[in-house]
Peer 1: 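Pasting a structure here, questions to come.
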Protein chains: 2
Amino acid sequence: MLLTDRQLLILQVIVDDFIRSAQPVGSRSLSKKEEISFSSATIRNEMADLEELGYIEKTHTSSGRIPSEQGYRYYVDHLLSPQVLNQQDISIIQSIFAEKIFEFEKIIQRSAKILSELTNYTSIVLGPAVSINKLKKIQIIPLNKETAVAIFVTDTGHVENRTFSLPASVDASDLEKTVNILNDRLAGVSLEDLNDKIYKEVAMLLRQHIHNYDLMLHSIADSLKMPATEKLFFGGKTNILSQPEFHDITKIRSLLTMIDQEEWIYNLIRKESAGIHIKIGRENNNSIMDNCSLITATYSAGLENLGTIAILGPTRMEYSRVISLLQFLSKDLTAVLTKLYQNK
Amino acid sequence: MLLTDRQLLILQVIVDDFIRSAQPVGSRSLSKKEEISFSSATIRNEMADLEELGYIEKTHTSSGRIPSEQGYRYYVDHLLSPQVLNQQDISIIQSIFAEKIFEFEKIIQRSAKILSELTNYTSIVLGPAVSINKLKKIQIIPLNKETAVAIFVTDTGHVENRTFSLPASVDASDLEKTVNILNDRLAGVSLEDLNDKIYKEVAMLLRQHIHNYDLMLHSIADSLKMPATEKLFFGGKTNILSQPEFHDITKIRSLLTMIDQEEWIYNLIRKESAGIHIKIGRENNNSIMDNCSLITATYSAGLENLGTIAILGPTRMEYSRVISLLQFLSKDLTAVLTKLYQNK
DNA sequence: AATTAGCACTCGGTAACTTGGAGTGCTAAC
DNA sequence: GTTAGCACTCCAAGTTACCGAGTGCTAATT
C-alpha cells in the first residue's frame with residue numbers, strides 16, 4: 001500500500017522533529033508547524049494509519065509518536081532532502097588536506113577526528129589495506145648474532161617491519177645475496193602474495209646460491225605472514241555519552257566495549273560496494289547496535305577501492321548532514337589519494 | 001596526635017570493608033566482625049574521634065562512615081598488609097612472557113591487557129622511550145623522483161620511518177654516498193641526539209662529497225625531528241563503567257575523554273623515581289581524577305629506567321592487590337627486558 | 001575512668017498516592 | 001473528508017508516610 005502525500009509529509013516532519021528534539025512528537029505540536037495546514041484531529045487519524053503500517057510507534061498508550069526503524073528506513077530512502085554543507089564545514093574538512101603530507105595514516109587519522117567533531121557522533125575509518133600495496137624494497141638488518149629485522153617498503157611509502165631470529169649458520173654474505181635475490185624477484189609483488197611467491201619462485205634460486213638456504217627461507221617467510229588487517233582509526237569515541245537516549249550505563253558499556261574490540265568493528269564495517277551505505281538499528285545484525293545506525297562510505301585511489309569511513313550514532317541521527325559530510329570527505333580523500341598513488 | 005591501636009584497627013576495618021562493599025560502614029556491623037571485641041557504642045565514640053581527625057567521613061548525618069582521602073592515605077602508608085598473589089594470578093602474568101617475542105610493543109600491550117583483566121580497573125602502560133635507543137642503521141629508499149622514505153633501525157630492533165620530499169637535483173649516487181656517510185657517522189648515536197649530530201658533524205662531510213648537499217641535509221634533518229613521545233598502551237578503558245561509584249554519566253564522560261587524550265595521561269603519569277607511587281584523589285592535581293586513585297610502578301632494563309605501568313581506579317581501590325600485581329609485573333618486565341637489552 | 005546499654009533523633013530510600021499535562025481515540029457535527 | 005469536542009490514558013513530578021540503619025548522648029555498669 002502506498003502512502004499518500006499527506007502521510008509522507010507527516011512522516012517526514014515527525015522524523016525531522018524527533019531527530020532534532022529526541023522527544024515523541026504529538027499531533028498538536030505537529031499541527032502548529034508551518035508546513036502543516038490541517039487540524040490535529042486529522043493528523044491523529046493519519047498517524048494511526050502510519051502506525052498501523054509500521055512507520056511510527058508510541059512509547060506508551062498516550063504518548064506522541066517516534067519513528068520506527070522502518071520509518072527511518074523509508075525516510076532515508078525516500079524523504080531525505082540532501083543537505084548542502086555550509087562553507088564552514090567545507091573549509092574544516094579541507095583543512096585535513098591543507099598540510100603537505102606523505103603518509104596516509106596522518107590524513108586518515110585527522111579525517112576521523114574532524115568527522116567526529118563535525119557530527120558529534122563516533123567516527124570510524126578503516127585505513128587502506130596494506131596488503132594490496134606492491135613491494136618496493138626489502139632490507140634485512142642484523143641486530144646481533146641471533147636476530148635481524150626485515151623491512152618491507154611498499155610503493156606507497158608504507159613501511160612494515162618484522163624481527164626474526166637468524167639461523168646461526170648464516171653469514172653476512174649469505175644475507176646480502178638473499179636480500180638481492182629477494183629484491184630482484186619480489187619487487188612489484190603485492191604484500192599479500194609475497195609468501196606464495198617466495199616459495200614458488202625464490203626458493204629455487206636461493207637453493208642455488210645459499211648454503212643452508214632452507215633455514216633462511218623459513219625464517220623470512222615466517223616473518224612475512226603479514227597480519228593483513230587494515231588499521232582502524234576512531235574519533236569521538238565518547239560522543240555517544242552525550243546522546244540523551246543513552247542514559248543506561250550497561251548499554252553504554254557494551255557499545256564502548258564493542259568499539260574497543262577491532263574484530264567487532266570489522267564485522268560491522270565489512271567491505272561493501274562503493275558508495276554510501278546506511279544500516280539502521282537491527283539491520284546491523286548485532287544487538288549491541290540496537291538504537292544505533294551506521295553510515296559508511298568508501299574511498300579509493302584511481303579505481304581501487306581502498307577503505308571505508310563510517311559514522312556510528314543513534315538511530316535518531318542527522319542522516320542528511322552525515323551523508324553529505326561523508327560524501328564530501330570521501331570524494332576529497334579519493335582525489336588526494338588518487339593523486340598520491342599516481343605519483344608512485 | 002597519634003592514633004591508638006584500637007583506632008587503627010577500626011580505621012583499617014572500615015577501609016577494608018568499604019573497599020569490598022562500597023557501602024558506608026556502621027558501628028553495628030563493625031562490632032559484629034571477628035577482629036572487633038568491643039561494643040558498637042565504643043566504636044561510635046572512636047569513630048567520632050577518627051572523623052574529627054579527618055580520617056573518615058559521613059555521607060549524611062546519620063549514615064555510616066567512609067574513608068576520607070586522608071584516611072586512604074594513612075591506610076596505604078601504614079595499614080596495608082601486602083597481599084600475596086595466588087598461583088593463578090602469577091601464572092597469568094607469566095603467560096605474558098611465555099611466547100618468544102622480539103618486540104617490546106607486543107609484550108607491553110599484552111601487559112596492559114592482562115593487568116586490566118586481573119584488576120578490573122583501567123591499566124596504562126607507558127612504553128619505553130624510543131629516543132634513547134641507539135641508531136643501528138639508516139636506509140633511504142626512493143619511492144619516485146620526488147619522494148623517499150628514510151628508515152631508522154635502532155639497536156633494539158625498533159624501526160622508525162619518515163617520508164620526505166627529495167630535492168630534484170639529487171641522483172642515486174648522491175643518495176648512496178649520503179647514506180654511507182650517515183651510517184658511518186651516526187651509528188650508535190641515540191635517536192634524540194641525531195639531529196644535533198647531523199648538523200655538527202655530518203654537514204661538513206656532506207659538503208665535501210655531495211653536490212647540493214644543503215638541500216639534502218635539510219630534507220633529511222627535517223624528517224628526523226622525531227616525535228619523542230613514548231607510546232601509551234591501555235587496557236580495560238571501560239572498566240570504570242562497572243564501578244558503582246561512577247553512575248554519573250558526565251563524570252564518566254570526563255574520565256573517558258581524559259583517557260583518550262594522551263597529553264593528559266602524560267601529565268598524570270609523569271616520569272617518577274623508580275618504585276611504586278600512589279596518588280589518591282586530589283593528590284593527582286586534576287579535578288577529573290577526583291574519587292580516583294592512580295598507582296604507578298616503573299620498569300627498566302639494566303640500570304636504565306624505561307617506562308611506567310599504572311592502574312587507574314576509584315579511590316576505593318584494592319590497593320594491596322594492585323600494588324602486589326604491579327610489583328610483580330614490573331619485576332618480570334624488568335627481568336625480561338634486561339635480558340633482551342643485554343643481547344643487543 | 002573506661003565501657004556499654006538504652007533511647008531519642010536524623011536522614012535516605014521506597015512505596016503509595018495525588019495531580020497536572022500532554023497526548024490519544026472516538027464520536028458527532030460541519 | 002475534515003474537524004471540534006470530550007472522555008480516557010499514562011507519565012512525570014510532587015507529596016506524604018514509613019521503615020531501617022545509623023548516630024550522639026546520657027546514665028548505668030564494670
Side-chain angles (χ1 to χ4, degrees), chain A residues 1-11 13-15 17-18 20-68 71 244-245 247-248, chain B residues 1-11 13-18 20-33 35-68 71 244-245 247-248:
Chain A
M1 175 186 161
L2 265 173
L3 298 180
T4 66
D5 280 355
R6 192 164 67 188
Q7 285 172 329
L8 292 184
L9 175 62
I10 290 176
L11 177 55
V13 177
I14 289 176
V15 178
D17 199 80
F18 185 68
R20 210 179 29 72
S21 70
Q23 296 298 325
V25 187
S27 58
R28 212 180 107 81
S29 71
L30 270 190
S31 70
K32 283 187 187 150
K33 302 241 167 193
E34 273 190 4
E35 314 87 297
I36 285 179
S37 53
F38 25 91
S39 76
S40 63
T42 310
I43 296 172
R44 281 200 289 283
N45 289 330
E46 297 287 29
M47 291 207 295
D49 288 348
L50 282 171
E51 182 171 9
E52 211 167 321
L53 293 168
Y55 294 106
I56 55 180
E57 298 170 344
K58 287 189 274 195
T59 60
H60 59 87
T61 356
S62 72
S63 78
R65 303 305 212 290
I66 63 172
S68 67
E245 47 263 76
H247 38 65
D248 175 22
Chain B
M1 176 187 160
L2 267 171
L3 297 178
T4 66
D5 280 356
R6 193 165 65 187
Q7 285 171 328
L8 291 185
L9 175 61
I10 290 176
L11 178 56
V13 177
I14 288 176
V15 179
D16 281 336
D17 199 78
F18 184 67
R20 210 179 29 73
S21 70
Q23 296 298 324
V25 187
S27 59
R28 212 180 107 81
S29 72
L30 271 188
S31 71
K32 281 187 187 151
K33 303 241 165 192
E35 314 87 295
I36 287 180
S37 53
F38 25 92
S39 77
S40 63
T42 311
I43 296 173
R44 280 199 290 282
N45 290 329
E46 297 286 28
M47 291 208 295
D49 289 348
L50 282 171
E51 183 171 8
E52 210 167 323
L53 294 168
Y55 293 107
I56 55 180
E57 299 169 343
K58 287 189 275 197
T59 60
H60 59 88
T61 354
S62 71
S63 79
R65 304 305 211 289
I66 63 172
S68 67
E245 48 263 76
H247 36 67
D248 173 24

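We use all heavy atoms of the structure for the numbers below, so side chains are in, but hydrogens, waters and symmetry mates are not. Every chain is numbered from 1, with letters handed out A, B, ... down the list of sequences. Not measured: the values here are computed from a predicted model.
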Peer 1: Measure from CD on A/Glu52 to C1' on C/dC26 and round the result to the nearest Å.
Peer 2: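 In whole Å, C/dC26 C1' and A/Glu52 CD are 15 Å from each other.
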Peer 1: Taking 4.0 Å as the cut-off, does a side-chain nitrogen or oxygen of B/Lys58 come that near to OP1 or OP2 on D/dG24?
Peer 2: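 So the side chain of B/Lys58 is within the cut-off, an N or O lying under 4.0 Å from OP1 or OP2 of D/dG24.
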Peer 1: Could you walk me through whether B/Ile10 and B/Gln7 satisfy the side-chain contact (heavy atoms from CB on, under 4.5 Å) test, starting with their C-alpha distance in whole Å, then the side-chain angles of each, then the deciding distance to 0.1 Å, before giving a yes or no?
Peer 2: CA-CA 5 Å; B/Ile10 290 176; B/Gln7 285 171 328; 5.7 Å; no
Peer 1: Quick one: on DNA chain C, does B/His60 or B/Phe38 contact a more 5' nucleotide (nearest heavy atom)?
Peer 2: B/Phe38
Peer 1: Expressed in angstrom and rounded to an integer, what is the separation of B/Glu46 atom CD from D/dT23 atom P?
Peer 2: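 Distance, rounded to whole Å: 13 Å.
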Peer 1: May I ask you to evaluate whether A/Arg65 reaches the phosphate of C/dT24, defined as a side-chain N or O under 4.0 Å from OP1 or OP2?
Peer 2: yes
Peer 1: Atom CE of B/Met47 and atom P of D/dC25: how far apart are they, to the nearest Å?
Peer 2: 13 Å
Peer 1: Checking the side chain of B/Thr42 only, and the main-chain atoms of B/Phe38 only, is there a donor and an acceptor separated by less than 3.5 Å?
Peer 2: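 The answer is no, because no donor-acceptor pair under 3.5 Å joins these two groups.
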Peer 1: What's A/Ser63 touching, base or sugar-phosphate or nothing? Going by heavy atoms closer than 4.0 Å.
Peer 2: sugar-phosphate
Peer 1: Please state whether the phosphate of D/dT2, meaning OP1 or OP2, lies under 4.0 angstrom from any side-chain nitrogen or oxygen of A/Arg6.
Peer 2: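 So the side chain of A/Arg6 is within the cut-off, an N or O lying under 4.0 Å from OP1 or OP2 of D/dT2.
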Peer 1: Specify the separation, in whole Å, of atom CG of B/Leu30 and atom P of D/dA21.
Peer 2: 15 Å
Peer 1: Take atom CD of A/Glu51 and atom P of C/dG25, then tell me their distance rounded to the nearest Å.
Peer 2: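 Between P of C/dG25 and CD of A/Glu51: 7 Å.
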Peer 1: Atom CD of B/Gln23 to atom P of C/dC11: distance rounded to whole Å?
Peer 2: 20 Å
Peer 1: Which nucleotide, D/dT3, C/dT4, C/dC7, lies nearest any side-chain atom of B/Arg44?
Peer 2: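 The answer is C/dC7.
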Peer 1: Check the phosphate of C/dG23 against A/Ser62, side-chain N and O only, distance under 4.0 Å to OP1 or OP2. Yes or no?
Peer 2: no
Peer 1: Is any side-chain N or O of B/Ser27 closer than 4.0 Å to OP1 or OP2 of D/dT23?
Peer 2: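 Indeed, a polar side-chain atom of B/Ser27 lies that close.
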Peer 1: Taking the nucleotide of DNA chain C with the closest heavy atom to each, which residue, A/Gly64 or A/Asn45, is nearer the 5' end?
Peer 2: A/Gly64
Peer 1: Please name the pair of heavy atoms, one in A/Ser39 and one in A/Ser31, separated by the smallest distance, quoted to 0.1 Å.
Peer 2: C-CB, 4.3 Å
Peer 1: Would you say B/Arg28 reaches C/dA5's phosphate, i.e. side-chain N/O to OP1/OP2 under 4.0 Å?
Peer 2: no
Peer 1: Roughly how far, to the nearest 0.5 Å, is the CG atom of B/Leu3 from the CG atom of B/Leu9?
Peer 2: 12.0 Å
Peer 1: Tell me whether the side-chain N/O atoms of B/Thr42 come closer than 4.0 Å to OP1 or OP2 in C/dT4.
Peer 2: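 For C/dT4, OP1/OP2 do have a side-chain N/O of B/Thr42 under 4.0 Å.
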Peer 1: If you compare all heavy atoms of A/Arg65 against all heavy atoms of A/Ile56, which two are closest, and at what distance to 0.1 Å?
Peer 2: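 Shortest heavy-atom contact: CG-CD1, 3.6 Å.
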Peer 1: Is there a side-chain contact between A/Thr61 and the phosphate of C/dT24, meaning an N or O under 4.0 Å from OP1 or OP2?
Peer 2: no
